[in-house]
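Computed from a prediction, not measured in an experiment: that's the story for all the values here. Proteins come first, then strands; the chains are lettered A, B, ... in the order of their sequence lines, and each starts at number 1.
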Amino acid sequence: MNEPRLRVSRGLTAMRLAARGGARYAVNAPRLFAAAGEHRQRLRDDLALRTAQDVADTLGTMKGVLMKIGQLASYVDASLAPPARRVLSALQDSVPPMSPELAAGVIEAELGGAPESVFGEWDPLPIAAASIGQVHRAITRDGQAVAVKVQYPGIAETIAADLGNVALIRSLLKMAVPAQDVEELIEELRERIGEELDYRHEADNQRLFAGYFDGHPTIRVPRIVDELSTGQVITSELAAGARFGEMLSWSQDERDLAAETIYRFTFRSLYELHAFNGDPHPGNYLFEPGGRVTFLDFGLVKHFTDDELGPLIEMIDALCLNEDQEAFRSAMEGAGFLKPDAPIPTAEVVAHMSLFYDSIREPGPRTMTSEYSSAVARRYVDFKSPLAAYAKIPRAYVIVQRINLGLFAILGQMNATADWRSISEEIWPFVLAPPSTPMAEAEAPWLAKARA
Amino acid sequence: MTAGVFPGTGLFQRAAAAFADCVPVDPADDGLFGPGSVTWRLHADLSAPVSGLRSLLLQALHPLAMAGVDQHSHWRDDPAARFASTSAYVLTTTYGDKAAARAAAERVKKIHEHVRGTDPVTGMPYEASDPALLIWVHAALVDSGLAAADRYGIGLSDADKDRYVAEMTAVAEIIGVPAARFADGGAPASVAELDAYFATVRSELATSQSTADTATYLLGMPDVEPELADVWQVLAAAAVTSLPDWARAMYQFGEGGPAPDSVPPGREEVRQVLGILDAVYLGEPGVLEARQRLTLRMRRAERTRAEQTRAEQAQAEQTR
């Protein structure tokens, strides 16, 4: 492996900040080009990526990797410094859509014909930016409305080459997430991004989730159109719904329902499918009234083995059900979160960690707030804590932590109230409590079928 | 140009501010080169920071140029400001309209009027407005643009390299180099002339304590934001690597830097570091917009050119 000799100092602040910028951008920026106004649209067209060289110039030389690191690290810290936000959002803004010709070229190379011949109808203007690609609307030849995600040509090679500069990535990550074991994170990052570059992984994951949640009253996962999907193109059912920002203007009752759906989706996936969708990004949901949520983008999914899932369950079991502090500590040690024999009293370990379990320690309605999600994120990166020297996040859990924080951030923004503990008890495989909400009643037939 | 024109304290921050400021929003004309020029492409290239640093290292090898800077510039008091104004000068003469380019040149000429004296090392008198010195500074800049792009940036065809050197004579002339052929005392106008120039001028070059101090300073960390210090180290190694062998020998550098055994950084490594630097640049106010202004003008020029070619072809068809 290529290990160039970049000397790394401690304070690469700008890059650390840059790496943290993703979340805020994601929340504030409209992902739809079309929503950006006519002038902006024209500007985007004039600046469009016309060749693979344009793609390399825009997303090569670490810029695509930097955006990905930013995306990955963004859930780790909710409070962003303005320069950080600027770097990431300028970086995002610096990526215009592909020209219609360039996108058509990818379709032709991947599906063996011009878009107009492969599809019944093809909209040459993209409806949304996707990471490392863009989304077009089309109608298949048998009349189905679909969303077609088209990858920027050459991007996979470009990012793969940049991921080879481990020394540089290490220095960026050390700044972005100092609490974590950077070597483990690098491996995880390389693996996950590598998977994300091959759309076939994403299609496989989406099939898994779509199959599992098929028939669920509120959870929607668009189906993949197999014959029109390849390593660089994913065709799936076109989903409708309101964007995150719009949903935030709905009544609190509607928001609570949507939050419940997201919560159920996340933890059912984890405990039943042993898979966690690693991208709780506001742009990845579409909302409809009644708590119906369509989940988009399965590019970053982490699959768990029983061995990996076991300790997480033990920790919850020990802290939330049995209130056995020593058992909680030893589960943490067993999973590698805490070094054995750390000279920290168990009560202190529990006090530090319990914030993460705050919403599920007791039954009863609780409101998720942005203050709470920020507090959780701050605790997560609290290096001054006496625990910091003995704590780490083992590789298998890097993504889980990230999704947890991302989930808290999203629910916090929705200001969502629910009895999270009771919902969790329905889902926890070591409890499997009966339905606790109307939504749970409604999903009972689906659940019976899914369990069968 | 005075210190503190551009906001911010660090080198890169000020350079970014200079860039945002010098790319005009509503230019009266296309300036000295125009959006179809090689100069526009090259000066916007990722390799530009390496080119800038290499250029300074090269320029310091002329004792009279060095003496002028040593005795008259306060650059060591506020190097970031000095670098920002130098890059602002290059950017204004490149992308500004003709009036802006001329005004910038006039300001520099005014400063040059007072820059004269005797070089303590060679005992020779010098004047900053001496065309021979102006050509030296100019040639070092042009040569560095080509060398940095060659190693770390866009690959230019031989024809485009010649075009760049020829285009750049315009910027030499507005600062006081005679508008004459190279053989008659003008600036080099082709790669061959540029090479011939360096072959001749080498006998006038020398190192001194000042040169060594300058290099140490430039390769160390001249007022760079601390968080970008590592980036600077790679840039410095890249700049040294891209120097001509004879210049590296004069400085007694090894292949890739001050230490004799240092390994030169590879093209990809340098480009990756330049890319991160570029991302940090993009985060500075106005940089992305300025870059988009340039891209739009360059694309428009490209379209116009393509239409002209088509029209000419159509006409040729007709006459046939």
Exercise. In plain terms, say whether A/Asp54 and B/Arg299 are close enough for a salt bridge, that is, a side-chain N and a carboxylate O under 4.0 Å apart.
Key: yes
Inset, instruction - Would you please test B/Gln292 and A/Leu47 for side chain to side chain contact (heavy atoms under 4.5 Å, CB included) and show each step? - result: CA-CA 7 Å; B/Gln292 289 179 335; A/Leu47 291 168; 3.5 Å; yes
Rounded to the nearest 0.5 Å, the CG atom of A/Leu66 sits from the CD atom of B/Gln272 at a distance of 12.0 Å
Given the options B/Leu277, B/Ile276, B/Leu274, B/Asp278, A/Met62 meets side chain to side chain contact (heavy atoms under 4.5 Å, CB included) only with B/Ile276
So, the part of B/Leu288 with a heavy atom under 4.5 Å from chain A: the answer is side chain
Between the CG atom in B/Leu46 and the OG1 atom in A/Thr61, the distance rounded to the nearest 0.5 Å is 5.0 Å
**Message:** Tell me whether B/Arg271 contacts the main-chain N or O of A/Gly60 through its side chain, where contact means a donor paired with an acceptor under 3.5 Å.
**Reply:** no
